[in-house]
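Below, each value reflects all heavy atoms present in this structure, side chains not excepted, and no hydrogens, waters or symmetry copies. What you see is a predicted model, and the numbers here were worked out from it, not measured in a lab.
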Amino acid sequence: MENKNKYFKALIANNGQLNEIDLGEKMGISEDETRKIIVQLLSEYKIENVENRACNYSLIKTTKRKNKKR
């Protein structure tokens with residue numbers, strides 16, 4: 001859980017400069033653990049699979065999350 005929160009904050013700060021796996025490795029997280037964290041963030045609707053420069057994931061805006069609940 002702690003790695004997920006740190007990774008999510010790093011993903012926000014990264015702003016698409018590194019791909020998602022390299023970002024995890026830079027933080028000391030293995031590739032398998034990084035993929036598990038990405039799956040969790042996707043299931044929580046915090047990120048979406050959209051190409052954002054080098055990274056394949058982007059944050060979901062809060063307005064999008066609110067509209068999906070309807």
Side-chain angles (χ1 to χ4, degrees):
M1 187 70 141
E2 181 180 322
N3 280 342
K4 183 178 75 169
N5 291 331
K6 287 181 3 183
Y7 182 83
F8 183 65
K9 289 177 183 177
L11 190 65
I12 293 169
N14 180 46
N15 198 22
Q17 294 178 0
L18 291 174
N19 75 23
E20 59 278 358
I21 303 301
D22 290 340
L23 179 62
E25 289 177 355
K26 182 180 175 185
M27 296 175 59
I29 303 171
S30 70
E31 182 177 345
D32 291 335
E33 182 70 21
T34 301
R35 292 189 189 279
K36 289 178 184 177
I37 291 170
I38 290 170
V39 168
Q40 290 175 347
L41 292 172
L42 284 167
S43 68
E44 295 172 3
Y45 298 106
K46 291 187 175 183
I47 62 173
E48 60 186 342
N49 190 359
V50 175
E51 189 173 326
N52 182 15
R53 297 185 199 158
C55 189
N56 292 324
Y57 297 93
S58 180
L59 301 175
I60 293 180
K61 304 289 183 204
T62 53
T63 55
K64 285 186 180 179
R65 274 193 258 156
K66 289 179 182 177
N67 289 339
K68 287 192 177 206
K69 290 182 180 179
R70 289 183 185 175

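- I21 and I12 are assigned to two separate hydrophobic clusters, defined by single-linkage of ILVMFWY side chains at heavy-atom distances under 4.5 Å.
- Atoms NZ and CG, from K46 and N5 in turn, are 6.0 Å apart once rounded to the nearest 0.5 Å.
- Atoms CG and OG, from N3 and S30 in turn, are 9.0 Å apart once rounded to the nearest 0.5 Å.
- Side-chain atoms of L41 and Y7, non-hydrogen and from C-beta on, do get closer than 4.5 Å to each other.
- For the pair I37/F8, no side-chain contact is recorded, criterion being any heavy-atom separation below 4.5 Å from C-beta on.
- How far CD1 of I38 is from CG of L23: 8.5 Å, rounded to the nearest 0.5 Å.
- Taking NZ from K26 and CG from D22, the interatomic distance works out to 10.0 Å, rounded to the nearest 0.5 Å.
- Within the 4.5 Å cutoff, side-chain heavy atoms of Y57 are placed close to those of N49.
- Nearest approach of I60 to I47, heavy atoms of both residues: CD1-O, 3.3 Å.
- Distance check, rounded to the nearest 0.5 Å: CG of L18 to CE of M27 gives 11.5 Å.
- Distance check, rounded to the nearest 0.5 Å: CZ of R35 to CD of E20 gives 7.0 Å.
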